[in-house]
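Quick note on labels: first sequence line is chain A, next is B, and so on, each numbered from 1. Just so it is clear, the values below take in all heavy atoms, side chains as well, and ignore hydrogens, waters and symmetry mates. Every value quoted in this text rests on a predicted model; they were computed, and no experiment measured them.
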Number of protein chains: 2
Amino acid sequence: MSLVLGLSPIAPIARRSSWSLCGQFPHQHRLWSVSGGGSLEPLNHAPYSSLAREPQLDPVQSRWQRHFSAGSSIMSAPTLTLDNLNPCVKRMEYAVRGPLVIRATELEKEIEKGVKKPFPDVIKANIGDAHAMGNKPITFLRQVLALVTYPELLKSADFPEDAKNRAQTILAGCRGGSAGSYSDSAGIEIIRRHVAQYIEKRDGGTPADWNNIILSAGASESIRAVLKLMISLEGGKSTPGVMIPTPQYPLYSASLAEMNMDQIGYYLNEEKNWALDISELERALNEAKDRCTPRAIVIINPGNPTGSVLSEQNIKDVIKFAHENRLFVFADEVYQNNVYAEGCAFHSFKKASVNILWHCHISIQVMMQMGEPYSHMELASFMSCSKGYMGECGIRGGYAEIINIDKDVRAMLNKSISAKLCPTVIGQACMDVVVHPPEKGDASYESFIAEKEAVLASLAERAKLVADTFNSIEGFTCNVVQGAMYAFPQLHLPEKAIAKAKEHNQNPDVFYAFQLLENTGICIIPGSGFGQRPNTYHFRTTILPQKDMLISMLDRLKTFHLKFLKDYSD
Amino acid sequence: MSLVLGLSPIAPIARRSSWSLCGQFPHQHRLWSVSGGGSLEPLNHAPYSSLAREPQLDPVQSRWQRHFSAGSSIMSAPTLTLDNLNPCVKRMEYAVRGPLVIRATELEKEIEKGVKKPFPDVIKANIGDAHAMGNKPITFLRQVLALVTYPELLKSADFPEDAKNRAQTILAGCRGGSAGSYSDSAGIEIIRRHVAQYIEKRDGGTPADWNNIILSAGASESIRAVLKLMISLEGGKSTPGVMIPTPQYPLYSASLAEMNMDQIGYYLNEEKNWALDISELERALNEAKDRCTPRAIVIINPGNPTGSVLSEQNIKDVIKFAHENRLFVFADEVYQNNVYAEGCAFHSFKKASVNILWHCHISIQVMMQMGEPYSHMELASFMSCSKGYMGECGIRGGYAEIINIDKDVRAMLNKSISAKLCPTVIGQACMDVVVHPPEKGDASYESFIAEKEAVLASLAERAKLVADTFNSIEGFTCNVVQGAMYAFPQLHLPEKAIAKAKEHNQNPDVFYAFQLLENTGICIIPGSGFGQRPNTYHFRTTILPQKDMLISMLDRLKTFHLKFLKDYSD
């Protein structure tokens, strides 16, 4: 007992003695960190790692530090290590938040701390994060969310009537009239009904059933929820395969890796502005059949990272291909409001699948006998409030419309999402405004339309600016950015640069991206993070920085690029 | 071409002709639906299922309907069926939102439609959803969320200064100063720092490092994120096993089933108010070793569904057990603010793991040589904004503090969550208020404390009321509800009732629960949904209905129960 008491004066010192332990390994941070700031720090194994990186260090501490440095080696080893970690988690990669972004965040911190850099600031063009790049929220949308969050405001004269009515409609759909209660796992009924009405209107009257709508925290969550249904425990040729575009948004490659499913990449045709060739789908599918069981096809339209917009005919061809090969169709249509180029329009996979029917059958009777196949295909279409003109990434709202799936499978999907309780109610409310904006005559209509159109016009301008600029720079070719929020230019790198990259054990595009970041502060994502044809090099940049920043970014990039070409000229 | 045109007048009718198709199978709804309202409907395979259950049906339609009924049988079959569905999804169950809840929602709809029932309303005591049961949000919390959502309000005189300051602090942590931008995947730095400060204060100064904090959309998301790390693709004895209490909150059984991991159930000791016996842990572990590789242990404290609160000594014994058996500790501590009973207090697993140390070693030197094992154990503690006094379930906020995990494993965890982008920023902001409430001297301090204490006092009163009432009814025994939000009384069912249930192919407690629901409108969850010793029967009810409703609920329940006993008396 007295021994225990005898401890106490020493204990507090021992407690603090690990302060400098992880400070000893600053170089590690880059290796195994992902999100910004200190979240990159190691969890060292000394006791009270919680005090790691505290500044003070007195002689007593550094004495104890030696003890602990010695002691730490004999401390009990963790039970969970890379050796017994989920191999799928080890395998998966998500470039959009990978090493480049980690380094960019470190550079931001260094600049904050006054470290001199050859550039004034870091420009994160790595991710489609509109508000982070200075795009402003839509007033009506935020008013509704504020009213739903704090209904006291319904008494305030500072809010327009239509915002109040909308908030009251949403609150009436919440149990206990509070956004703080759980909703149904598939979402609040009235919001799902609004989503169905939106789809019906969008698709020129093609009916939509609110029972087919599932709300989710962003599109990613419902994409994973549907993909998950296809997981198989059998390996080898029974491994489920999913066709995804190359280049693609890495959510798909990451999710497939995590779910131990086979990624069947089909190349988009860069020469034809990233069009989707059916012959290439056939090539990819036939090659894959030896190693897995193809189950589904993912199409991203408008394209991420390509910025391409598919034609209606192209979509119909894909649907026929999917039907012939019994593939479940995942239509990633989160950029459906982001179409900029002359002569381009968004066509939904659902509408196309229905419309094929009216052109390929002679009469209703024949249609019946044929079971009008296309309109019966399983199709999941995904939408988000993170993109479009609203760019509400942090709010986490999205939906999936899932049609024609087996009723028992739907029951299993419902059960599966029920264990996740429900998507955030504020995210659901946000989705409600997106699918049901103010209408002519509503108090907020004029201002809403003005804000929405200003954002989209500015995005269209920036889309053109970015592509034109790249095409004006030696060593770049860039397709027209018809839609979405990205350009994916091809880099024509000199042989010497490619050789240099290989010396560094890096993909040439990764080497280029790191050089660009360190020299200009511009963070883009190399094409290898999205997939590209062998021996071609690209990167993805968003078009989201505000015009002035975008121009300055492109200037910096051009200066760097020309010097890079010169330095590595053959 | 003319043929195609010739179609158009007929097409619209054909379109509508499936209206009554799924209407033909109303009985199915119960079988394969989960969430409330129409979300329970089948996705039938007729074209335009989207119009299912529309009221109008004219003769033309019903004529076409016959065609389609015939046609539907020959329509192209779905590619995804129960036969090739993810077997883990098929296996998993989540009783808290299962068939009883679906039926309860149907009853609500029937009552809305004016169908006569032997009860005035449905009381959903199935889930810990405080606001749905009339509990009011905390004013300061909602004010901060409204200000973060719509910063225009920072100009308003209607908000207290401390709420404005808090909102500004949070917005300063958001990229572009907007809650609409993505945060780091682990959450906003300043909020993670506030969480660490909260934990440090809660644990009497035991240091906490904000780098060890991960914010998530409710506790469930981070629980799954950490569990997922242990998934193995190898079967048989290599299957990872996780020890979970019986009874347990079914998130654990559902997640383990979905991740194809082994559930190692250990019984809580009902005779000792659901205490946790180490001998029982040893029994369960030894039995499991033949079929799987035990990797982790989950402890829910305060207990769900049991309402028990563990003593500090009990916690220390569990930690020693976990250490001896090299188990990763999952401490589900989401009810840490819900402790009601005299002489009970919340003790965190983290603090206990650290404090063991000061009593089991002779000197710093010895401690060093022994590597003070307990304070180095891998431990994840989970917290949520859905419970406590705030009950903000729909906002989806939570955190995990994860200490002492291998640095490379932490890197993999970071990578894994990065593909999910980020938890909802509003949910993060909600968590910020929970861990950093107004302090003495702040404008909102008095009202905040008054609201918080009123909620907790009322919960304490209801906790006692529920247990006392059950114990006053023949055929019930109920432990003291020391904490959390539930009572888990044991039902002593007559043999005849048990026999009757078996006739219906139902667990006796499920039979009882359905009888209770159909006769009184009270929805509780049978013990079999949480796990219980063989041949014992329980149910979980929340203590969340407001006092009057709770009293009326208990009255209804008592009347039903006594009649039930009488009807089935031996």
Side-chain angles (χ1 to χ4, degrees), chain A residues 14 32 34-39 41-42 47-48 50-51 71 75-76 78-79 82 86 89 94 97 129 131-132 142 145-146 149-150 175-176 178 180-182 184-186 189 207-209 211 231 254 326 364 368 371 373 375-376 392-394 396 406-408 411 414 416 418-419 424-426, chain B residues 14 32 34-37 39 41-42 47-48 50-51 71 75-76 78-79 82 86 89 94 97 129 131-132 142 145-146 149-150 175-176 178-182 184-186 189 207-209 211 231 254 326 364 368 371 373 375-376 392-394 396 406-408 411 414 416 418-419 424-426:
Chain A
W32 43 277
V34 70
S35 58
S39 60
E41 300 300 333
Y48 313 105
S50 34
L51 283 179
M75 288 164 181
S76 56
T79 66
L82 286 188
N86 180 349
V89 168
Y94 187 67
R97 290 192 166 213
D129 192 356
H131 292 199
R142 291 301 189 93
L145 297 191
T149 306
Y150 188 50
R175 299 195 174 90
S178 170
S181 56
Y182 290 119
D184 292 342
S185 300
E189 178 173 328
D209 181 356
N211 296 300
I231 292 175
R326 295 190 49 72
I364 293 293
M368 294 291 306
S375 64
H376 287 82
E392 294 282 5
C393 306
R396 313 308 299 129
D406 177 271
K407 64 185 185 353
D408 298 330
N414 286 344
S416 165
S418 74
T424 160
V425 168
I426 302 301
Chain B
W32 44 275
V34 70
S35 60
S39 62
E41 301 301 333
Y48 315 103
S50 34
L51 282 178
M75 286 164 185
S76 56
T79 66
L82 285 189
N86 179 349
V89 168
Y94 187 67
R97 291 191 164 212
D129 193 356
H131 292 198
R142 290 301 189 93
L145 296 192
T149 306
Y150 188 51
R175 298 196 175 90
S178 169
S181 56
Y182 290 119
D184 292 342
S185 301
E189 178 172 329
D209 180 357
N211 297 299
I231 291 175
R326 295 190 49 71
I364 294 293
M368 294 292 305
S375 65
H376 287 81
E392 294 283 4
C393 305
R396 313 308 298 130
D406 176 89
K407 65 185 184 355
D408 299 329
N414 286 345
S416 164
S418 74
T424 159
V425 168
I426 302 302

>> Distance check, rounded to the nearest 0.5 Å: A/Asp408 atom CG versus B/Leu82 atom CG?
In response: 4.5 Å

> Which pair of non-hydrogen atoms, one from B/Pro78 and one from A/Asp406, has the smallest distance, and what is that distance?
Replying inline: CG-CB, 3.9 Å

>> For B/Ala254, which atoms come within 4.5 Å of any heavy atom of chain A: side chain, backbone, both, or neither?
In response: side chain

> B/Arg396 and A/Thr424: which non-hydrogen atoms are nearest, and at how many Å?
Replying inline: CG-CA, 3.4 Å

>> Can you list everything that forms a side chain to side chain donor-acceptor pair (under 3.5 Å) with B/Ser178? Sequence neighbours excluded, please.
In response: A/His131, A/Arg142

> For the candidates A/Gly394, A/Gly176, A/Ala419, which exhibits the highest count of non-hydrogen atom pairs separated by less than 4.5 Å from chain B?
Replying inline: A/Gly394

>> Checking B/Ser416 now: which residues fulfil side chain to side chain contact (heavy atoms under 4.5 Å, CB included) with it, not counting sequence neighbours?
In response: A/Val89, A/Glu258, B/Lys228

